[in-house]
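First comes the structure, then the notes that go with it.
Throughout, a chain's letter reflects where its sequence line sits, starting with A, and its residues are numbered from 1.
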Amino acid sequence: MRKTDTTGAYAIPNVETRVASRTDELPMDSDAFAGFYQRSAPALRAYLARVSGNPTLADDLMQESYLRFLCASRPEGGEVNYRRYLYRIATNLLRDHWKRPRAACLEDVPEQFLAARDGLSRIDSQAILDPALARMRPRERQLLWLAHAEGYSHREISEITGLSAAGIRLLLFRARRKIARLLRKQIDADRGNT
Amino acid sequence: MTLRTCSYENELTQALKNGHWPEGCGPELRAHVDACGSCGDLVLVTRTFQRARSESEHVALCGSSSLLWWRAQLRRRNAATERVSRPITIAQTFALFVNVFVGIVFVASQYRHGLHWASWWSALAPLRALHSLPIGSGQIDWNLLLLVSGFGVLALLSLVVVYLASEKS
């Protein structure tokens with residue numbers, strides 16, 4: 001299901017990459033980066049926090065994602081491709097974090113992080129989403145967030161995660177059914193309490 | 001679990017993505033969503049995630065973009081410096097291996113002919129060296145000269161390699 005190139009990095013098909021002409025200069029100036037950061041960082045942080053279940057880790061990974069984004073050869077095609085590339089970096093960092101033996105395993109992220117430690121959880125709609133997300137596996141959270149919060153297509157998610165589009169379709173279908181059931185339960189429980 | 005695709009799914013996905021649901025959609029699609037479990041799930045999940053995402057936009061971020069930009073520039077310059085110095089590191093490693101190889105070959109060759117360290121030492125003594133000079137004797141002790149120069153070159157190269165290695169570290 002997973003597709004990798006020989007270097008182990010995930011390849012983005014149909015997206016040309018270019019190498020910066022001078023190695024000591026960043027391919028984006030400070031002002032352009034500031035604008036891009038302001039527009040993209042909140043969504044990226046939300047993605048990392050929701051999928052990892054750890055806001056502190058999300059902050060660290062977000063900063064590392066931007067550093068790698070700036071240091072790497074960025075894809076051409078404007079901000080849409082930049083964002084997708086950034087999500088790909090962040091997704092790879094998440095996977096690397098989960099693979100580290102000293103870190104918590106992918107499936108063992110403490111679920112209470114999702115509800116307790118993020119400031120977002122105080123917001124009402126999050127009160128419904130958080131308990132449901134807490135019962136999903138990290139891979140499912142990742143796919144659901146990319147598909148439904150970010151609005152990426154199966155092909156784009158495939159480019160970001162390195163999974164095949166067919167596999168994503170099936171995983172997403174199952175994950176959506178599962179979280180919809182959990183959301184309905186949560187909504188019913190909330191109605192019962194009020 | 002069977003994967004059943006609803007014929008309205010693409011249309012509904014697009015409407016949700018563009019924010020057209022439910023006001024911008026026709027009565028037929030709305031009636032279908034009420035009846036179709038899969039499309040109902042799609043609406044519920046997508047709208048919940050969209051709300052969560054839009055609320056996350058208001059969360060304050062840690063770290064400034066300018067700091068990140070400068071850190072990236074520093075990292076990129078360090079990487080460039082490392083790339084430039086890589087051939088020097090390779091040359092140093094190569095020189096070290098050559099030195100070790102020459103040393104091993106030299107010791108092995110001397111061992112085969114018998115190690116006469118005592119005679120070497122006496123040959124290295126200043127008086128003996130003076131005595132063996134061609135000015136005095138009229139003959140050149142080539143073995144001694146080769147031995148001394150070989151040791152000298154080896155020592156010099158080793159010193160250079162050690163110096164470069166320590167400078168690098």
- prompt: Side chain, backbone, both or neither: which part of B/Leu42 has an atom under 4.5 Å from a heavy atom of chain A?
  reply: both
statement: d(B/Thr48 OG1, A/Leu183 CG) to nearest 0.5 Å is 5.0 Å
- prompt: Do A/Tyr82 and A/Leu93 share a hydrophobic cluster, counting only Ile, Leu, Val, Met, Phe, Trp and Tyr and linking them when any side-chain heavy atoms are less than 4.5 Å apart?
  reply: yes
message: Is the shortest side-chain heavy-atom distance between B/Arg47 and A/His148 below 4.5 Å?
response: no
message: Check this for me, if you would: do B/Lys17 and A/Glu150 make a salt bridge, where the nitrogen-to-carboxylate-oxygen distance has to be below 4.0 angstrom?
response: no
message: Between B/Arg71 and A/Gln63, is the side chain to side chain contact (heavy atoms under 4.5 Å, CB included) condition met? List the steps.
response: CA-CA 10 Å; B/Arg71 277 180 65 194; A/Gln63 293 197 20; 3.3 Å; yes
- request: Answer with yes or no whether the hydrophobic clustering places B/Leu16 together with A/Ile157; edges join I, L, V, M, F, W, Y residues whose side-chain heavy atoms lie under 4.5 Å apart.
  value: no
- prompt: Are A/Met136 and A/Leu48 joined in one hydrophobic group, where the rule is that I, L, V, M, F, W and Y side chains link up if heavy atoms are under 4.5 Å apart?
  reply: yes
- prompt: Measuring from A/Arg176:CZ to B/Ser38:OG, what's the distance to the nearest 0.5 Å?
  reply: 5.5 Å
message: Return the CZ to CG distance between B/Arg75 and A/Leu67, rounded to the nearest 0.5 Å.
response: 4.5 Å
- prompt: Going through the checks in order, is the side chain to side chain contact (heavy atoms under 4.5 Å, CB included) test met by A/Trp145 and B/Arg53?
  reply: CA-CA 9 Å; A/Trp145 190 272; B/Arg53 187 187 184 279; 4.1 Å; yes
message: In this structure, would A/Leu133 and A/Leu172 fall into the same cluster of hydrophobic residues linked by side-chain contacts under 4.5 Å?
response: yes
- prompt: chain B: which of A/Ala132, A/Ala34, A/Gly151, A/Ala149 shares the most heavy-atom pairs with it under 4.5 Å?
  reply: A/Ala149
task: Report yes or no: do A/Phe33 and B/Trp70 belong to one cluster of Ile/Leu/Val/Met/Phe/Trp/Tyr joined by side chain heavy-atom distances under 4.5 Å?
output: yes
- request: Considering only NZ, NE, NH1 and NH2 on the basic side and carboxylate oxygens on the acidic side, decide whether B/Glu9 and A/Arg169 come within less than 4.0 Å.
  value: no
task: Inspect the contact between A/Arg184 and B/Asp41 and indicate whether a charged nitrogen and a carboxylate oxygen are less than 4.0 angstrom apart.
output: yes
query: Does the side chain to side chain contact (heavy atoms under 4.5 Å, CB included) test come out yes or no for A/Ile187 and B/Leu44, once each step is laid out?
result: CA-CA 11 Å; A/Ile187 291 166; B/Leu44 174 67; 4.0 Å; yes
Part of A/Leu144 lying under 4.5 Å from any heavy atom of chain B: both
- request: Find the distance between CZ (B/Phe49) and CG (A/Leu146) and round it off to the nearest 0.5 Å.
  value: 10.0 Å
task: With rounding to the nearest 0.5 Å, note down the distance linking OH in A/Tyr66 to CG in B/Leu67.
output: 14.5 Å
